Amino acid sequence: MNYRRLGNSGLKLSELSFGSWVTYGAQLGDDTARECMAAAHDAGVNFFDNAEVYAKGKSEIIMGNVLKTLGWRRESYVVSTKFFWGLNDGPNEKNTLNRKYLMQAIDASLARLQLDHVDLVFCHRPDPDTPIEETVWAMHDMIRTGKAHYWGTSEWSAAEIMAAWQIAERHHLAKPVMEQPQYNLFHRERVEKEYARLYRDIGLGTTIWSPLASGLLSGKYNNGIPTDSRAALKGYEWLAESILDPAKLKQVRLLAPLAADLGCTMAQLALAWCLKNPNVSSVITGASRSSQVIENMKALDVVPKLGADLMSKIDAIVGAPA
Ligand code: NDP
C-alpha cells in the first residue's frame with residue numbers, strides 16, 4: 001500500500017480506503033463487515049469512511065462494533081463521518097449544517113461509533129439556508145474540542161469551498177482540508193476541472209467516492225442486474241436505472257479488452273485509473289464481500305501499467321472533460 005498526504009495536511013491516507021455506504025446495514029451485518037474491514041486492513045488500508053445517514057445510523061453502529069472487536073490501536077487508523085441529511089424530521093435536524101444540528105450530530109455519531117473522536121468530519125452537502133460562516137465556526141469548534149481532527153466538505157462547489165476557506169483564514173479558524181467528490185471514469189468534470197485551482201491555491205485534498213460507479217465499471221451489469229448486486233436492492237431502483245444506461249454499458253464493454261490486455265479485472269482497471277490522478281488523496285472503495293476487497297486492493301499493481309498511450313485510449317472511449 002502507498003500512503004498519500006491529504007492535500008496540504010500532514011495526515012497520510014492509504015491510496016485505497018474502504019467505505020460503508022449501501023453495504024453496512026442494508027447488505028452486511030457485523031460478521032461480513034468485519035471480514036471486509038480485516039481484508040482491507042491486511043492490505044494496508046488505514047482509512048475507513050462512514051456517515052451519520054448511512055443506513056440511518058446503523059452503518060456507524062456496525063463499524064463501531066467491528067473496530068471494537070478487531071481491537072486495532074486507535075492511533076493506527078483514520079475514521080470519518082459526515083453530516084447534513086440528519087436522522088430526524090425536525091426543522092433543525094435534517095438537511096442542515098446549522099450550529100445546533102452539527103454540535104449534537106457529532107456527539108451522537110461518536111456514541112454510535114463507540115469512539116471519543118473521528119479523524120475526518122465532512123459537511124455532506126452544502127446547506128443554502130445556513131451562512132457558511134456559521135458552519136465554519138461549528139466545524140472549528142468540533143476540532144478545537146477534540147471531537148474531530150480535520151474537517152472538509154462533500155459535493156460543495158469550488159466557490160463554496162473557497163468561501164469557507166477564506167472565512168477560516170480571516171478568523172484564524174480550522175480550515176477545510178478535504179473534499180469528498182464523486183470521481184470515476186464516467187464522472188470527471190468536478191475533480192479534473194472545477195476544483196483545479198483549489199489543489200494549487202489552498203492545497204485541497206480529495207477522498208473520492210464511487211470509483212466503480214456503484215459497481216457498473218466492474219462489468220457486472222453487462223448482461224443485466226445480478227440478483228446479489230446493489231442495483232437489485234429494494235429502494236435502489238433509481239440506481240438500477242442509471243446503471244442500465246445503454247451508453248455507459250457500451251463504454252464498459254469497450255473498456256473490457258484493455259483490462260484483458262493488462263491481465264487485470266475491469267474493477268482493478270477502473271480503480272487504478274482513479275489513482276493515476278495525483279489530486280486524488282484516497283480512492284474510497286466499497287464492497288459487499290471480502291473477495292471483492294481482495295480483488296480491488298490488487299488495483300495497486302495495475303497503476304504502473306497505465307501509460308500515456310493507454311490513458312489516451314481510455315479517454316477516447318469514455319471522453320475526457322474539455
Ligand atoms: P463503488 O463505486 O466502488 O461501488 C462499490 C460496489 O461495487 C460494491 O459494494 C459492490 O456492490 C460492487 N463491487 C465492488 N468491487 C467489486 C468487484 N471487484 N467486482 C464486482 N463488483 C464489485 O463505491 P461506492 O459507491 O460503494 O462508494 C465507495 C464509498 O464512498 C462508500 O462506501 C462511501 O463511504 C463513500 N461515498 C460517499 C458519498 C458522498 O456523498 N460523500 C456518496 C457515495 C459513497 P455489489 O453488492 O453490487 O457487489
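Atoms within a ligand are numbered from 1 in the order they appear, just like the ligands themselves. Note that this is a predicted model, so its numbers are computed, not measured.
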Checklist line | Those residues that, when tested against Leu113, pass side-chain contact (heavy atoms from CB on, under 4.5 Å) (two or more places apart) | finding: Asn50, Glu60, Met63, Leu115, Val118

Margin query: Using the rule side-chain hydrogen bond (donor to acceptor under 3.5 Å, both in side chains), only one of Asp49, Thr206, Thr153 pairs with Gln180; which is it?
Written below: Asp49

Margin query: Which label fits Trp238 and Tyr236: parallel for a plane angle under 30°, tilted from 30 to 60°, or perpendicular past 60°?
Written below: tilted

Check: Mind checking whether Phe83 and Tyr101 have parallel, tilted or perpendicular rings, split at 30° and 60°?
Finding: perpendicular

Next item on the list: Report all protein residues having a heavy-atom distance below 4.0 Å to some atom of ligand 1; order the list by chain, then number.
Entry: Gly19, Ser20, Trp21, Thr23, Gln27, Asp49, Tyr54, Lys82, His124, Arg125, Ser154, Gln180, Trp209, Ser210, Pro211, Leu212, Ala213, Ser214, Gly215, Ser218, Lys220, Tyr221, Ser229, Arg230, Ala267, Ile284, Thr285, Gly286, Ala287, Ser288, Arg289, Gln292, Glu295, Asn296

Item checked: Nearest-0.5 Å distance that lies between atom CG in Leu262 and atom CG in Leu306 -> 6.5 Å

Item checked: Parallel, tilted or perpendicular, as decided by the 30° and 60° cut-offs, for the rings of Trp156 and Trp151 -> perpendicular

